[in-house]
Asker: 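Quick one: the structure is below, and I'll ask about it shortly.
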Amino acid sequence: MKIGNSIMALMVALPFVVSAPNVMAATAEGVVLDSVHIDSGDTPSLQRGAALFVNYCLSCHGAAYMRYERLAYDLDIPMETLAEDFMFTTDKPGDLMKTAMTEDDAKEWFGVAPPDLTLVSRVRNNEWLYTYLRAFYLDENSPNGWNNSLFENVAMPHVLYELQGAQTLVGHVETDEGAAVETSAHQNIVGDTIFEIQKVGKNSPEEFDMAMRDLVNFLSYLAEPAQLQRRSIGIWVLAWLAVLFVVSFLLKKEYWRDIH
Amino acid sequence: MSNFMEWVDRRFPATKVWNEHLAEYWTPKNFNFWYYFGSLAMLVLVIQIVTGIFLTMHYKPDASLAFASVEYIMRDVPWGWLMRYLHSTGASAFFVIVYLHMFRGLIYGSSREPRELVWLIGCVIFVTLMAEAFMGYLLPWGNMSYWGAQVIISLFDVIPYLGPILTEWIRGDFVVSDATLNRFFAFHVIALPLVLCALVFLHIVALHKVGSNNPDGIEIKDNKDENGKPLDGIAFHPYYTVKDLVGVVVFFMVYLGVVFFWPDGSGVLLEKDNFAPANSLQTPPDIVPLWYFTPFYSILRASTSDFLLILTVITGVAAVATFFIDTKRSNKISAFICYALLAVGLSIFDAKFWGVVMMGSAIVVLFLLPWLDKSPVKSIRYRSMPFKIAVGIFVIAFISLGYLGMHPVSELSTIQAQLCTILYFSFFALMPFYTAWGKTKPVPTRLT
Amino acid sequence: MSSNEDSTNENRSRRRFITGLTSAAWAVGAGFSVTPFVLSMNPSARAKNAGAPVEFDFSKLQLGQMVKVEWRGQPVVVLRRTPEMMSGLSDVTNLLADPDSVGSVQPTYALNAARADTDRNDVLVMLSVCTHLGCSPVEKLAVGPDPEMGEDSKGGFFCPCHGSKFDLAGRVYKNVPANKNMDIPPYQFLNENVILIGDDSARVS
């Protein structure tokens, strides 16, 4: 089996050998994203994220594959709270979280219909969302007065303005200087972009980052609610397979005593 | 109980079938790691059929409903997410297993006389499986489903004159549409599964007629005891059933581990762009098929006009080289004509045409394996060094093609893919030469 | 292989034990594996939501009028019965198969001759599904001769599929294919005009 082993070793090693030049190409695109801590087990964070989502996102974006009711079950939200604080567009807890805005209105106001957000965390990645939500800045040249350093000329205005406040674009962190850049108290770095804080919102920059982490955490849950059950069931499944392995292996050894 | 079996056996060959295919199907006693994948492939086929049936209960093959019905399965149907992940992960598991199963056949000479038909039926299974996977991939009606189907169906465009008519006929519309989705659904859930089951049946009938090969590549039927039972053979049941059971558990650990902890494979098993609904006006930035098609997809993309020039030179050299091969004069002439025609064709038709031809040939060439291999021995254990080196290079080329096909093209990656394409085809084209070259080790008469 | 084949009792019983153990472990695994497949055929969240309780404002319903309300995709009759209709109920008792609703499905608060909440027993809330084979009976509200309900009908429901007859409380007549009174769903009054069909959780019992 020496040949077999060396072939296996080659199979394992190969993609890394081939990948080297491609990795370089990928980073050359130069999109710098901030990392975000996603934890589907952090229920309070998911609850806060859900509240932010319903208050700030749901008026324009839908989550049309998700039912309100499921928030109550999965995120430990009492049915009364759900009805009072979450359900603006409907009165049945089992209804889908559709947006209040019609697609025609949306096209008239924004030029494009805001995308449904149920699966946005699976289409984009969480780091992208976390960076995007914090990268809005004042821009006189934009029709709605806002722009975004990650998604240039995005049609969406800065909906979370009252929380974050307003900032203007200063410049970009030079990649070779990295994290060593000095920032003053009035500056804020998102991705590789430096912003000057013009007006403080209800949240401090740290609080706003935490709030956006909660929101992205919620979006990650929203994209796949089954993940809450999936992992905990998976552990039991693997544990039982370990038992099956032991007994099946004993059985095999028992019968193969005839052969050896 | 025995009375009952007698009653049945007089009317139906139950005991006979049981004995012939399990209890007295004599199997070489030295099966190793590589021999798990046959039974595992059957297991995955069953998993796919069962989970597929349950998905069909909730899925809607309608362009306006399909995407939402998949999310309905993921959220509203009790345990629907599990059915879906079992099925989507099962598709990848199927190809992992089938590729390893085919590789086993390659290194132990399992396609060689008298098992050519086992190999050929297996190749047909592989092609059918690719069609089954491709059609199934359209069903979630995500944006990658849509554009993947658009690109692959457009391959038929290269057929002179017939192409445009054919693509319209396959789609049933001028673009991939509801009509396409509906017919792909019909093929995916009933037509191709029936064909697959029939082919698997034939694959096993053919195998059990000739008997299983083994890592030594020798025939256990050459050494029999006085009752006609091969001396190195053991009953498939119970010995290999209990052994395969262990393999099944290990497989389930990996497979269910992915299902429960990594179902999207970070975008490899479930692609990110496929979580957005099909949009006929917006192509995803990087269209890539799922990983199991990427080796062939790379070969398709490798075909550029520069590459054709190189291939023309290579075939030209090959045409001339035929005159230096020690063979009959008539063989030389026919080989020369073939190579010369190929060289002319390469300079007439364009790169798009040859890309499709090369991709098709990469699959067709697998069928020829039993006749390309001229080695006096079957197993890699006793083969000459050139074969071992060739297999190593082939594995590297195949995996590289797969890797390259999963990533966007760059100038460098195109050259890498072209190099690997040449290596891929050389493995088969040169096989008659390098398998006959070099010193083989002596083959034992009994299993080791 | 046969040279050292196990033949002693000890070996044989050990083999039997391990085989049993492995079979049992696999059987348990198979049981758990089958469960999700079986459960996946239960009503989904969408079906449950579509089957959620329905509100109905019956204030616009005149005395003696009837409407059909959809609940869980099935027709639910809401009928405001006149005093004449109510008195007709006791006139037909002898003709009924189960006048006391012993064998039929109804909430306890509707277990009476009118088969309705005693506070508002003129309001009939009934699943309009024939207990024979599931057709929806036609209403025959008028008192008097009727081709299907007979010469001196007190009003009732007639099933066009196989000719089963019911009175105005959904109680089945004798000698017809259906054998049970029609079902009364759970319901409650949200206020004096609005009824909630399919939910009686707020009812003080």
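In what follows, chains carry the letters A, B, and so on, assigned in the order in which the sequence lines appear, proteins first and then strands, with residues in each chain numbered from 1.
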Asker: Indicate yes or no: at least one non-hydrogen side-chain atom of A:V237 is less than 4.5 angstrom from one of C:F32.
Answerer: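 Not in contact.
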Asker: Could you check whether atom CG of C:N175 has more than 12 heavy atoms from other residues, nucleotides or ligands sitting under 6.0 Å from it?
Answerer: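 At most 12 heavy atoms, drawn from other residues, nucleotides or ligands, come within 6.0 Å of this atom.
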Asker: Begin with the C-alpha distance, continue with both residues' side-chain angles, and end with the deciding distance and a verdict on side-chain contact (heavy atoms from CB on, under 4.5 Å) for C:N11 and A:R257.
Answerer: CA-CA 11 Å; C:N11 283 342; A:R257 285 147 57 94; 3.8 Å; yes
Asker: So with a 6.0 Å cut-off around CE of A:M79, is the heavy-atom count from everything else above 12?
Answerer: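 Enclosed: over 12 neighbouring heavy atoms sit under 6.0 Å from CE of A:M79.
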Asker: Step through the shown structure and confirm whether more than 12 heavy atoms of other residues, nucleotides or ligands are within 6.0 Å of CD on A:Q229.
Answerer: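 Yes.
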Asker: Are the side chain of A:K92 and the backbone of C:A52 linked by a donor-acceptor contact shorter than 3.5 Å?
Answerer: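 Here the side-chain-to-backbone pair does not exist.
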Asker: If you count every heavy atom of other residues, nucleotides or ligands that lies below 6.0 Å from A:Y56 atom OH, does the total exceed 12?
Answerer: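 Counting neighbours around OH of A:Y56, more than 12 heavy atoms of other residues, nucleotides or ligands fall under 6.0 Å, so yes.
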Asker: With a 6.0 Å cut-off (strictly less than), is the heavy-atom count around NZ of C:K68, excluding the residue itself, greater than 12?
Answerer: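 Atom NZ in C:K68 is packed in, count exceeds 12.
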Asker: Looking at every heavy atom in both A:V247 and C:A25, which two are closest together, and how far apart are they?
Answerer: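 Minimum heavy-atom separation between A:V247 and C:A25: CG2-CB, 3.9 Å.
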Asker: Got C:R15 and A:D258 here, is their nearest side-chain heavy-atom distance under 4.5 Å?
Answerer: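 Touching, per the 4.5 Å side-chain cut-off.
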Asker: Hey, could you give me the CD1/OH distance between C:I18 and A:Y255, rounded to the nearest 0.5 Å?
Answerer: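 Here the interatomic distance stands at 9.5 Å.
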Asker: I need the A:L244 CG to C:T22 OG1 distance, nearest 0.5 Å.
Answerer: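 Output value for this atom pair is 9.0 Å.
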Asker: To the closest 0.5 Å, what do you measure between CH2 (C:W26) and CG (A:L251)?
Answerer: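 CG of A:L251 is found 11.0 Å from CH2 of C:W26.
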Asker: Counting C-beta onward and ignoring hydrogens, is there a side-chain heavy-atom pair between C:R46 and A:R67 closer than 4.5 Å?
Answerer: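 Yes, close enough: below the 4.5 Å cut-off.
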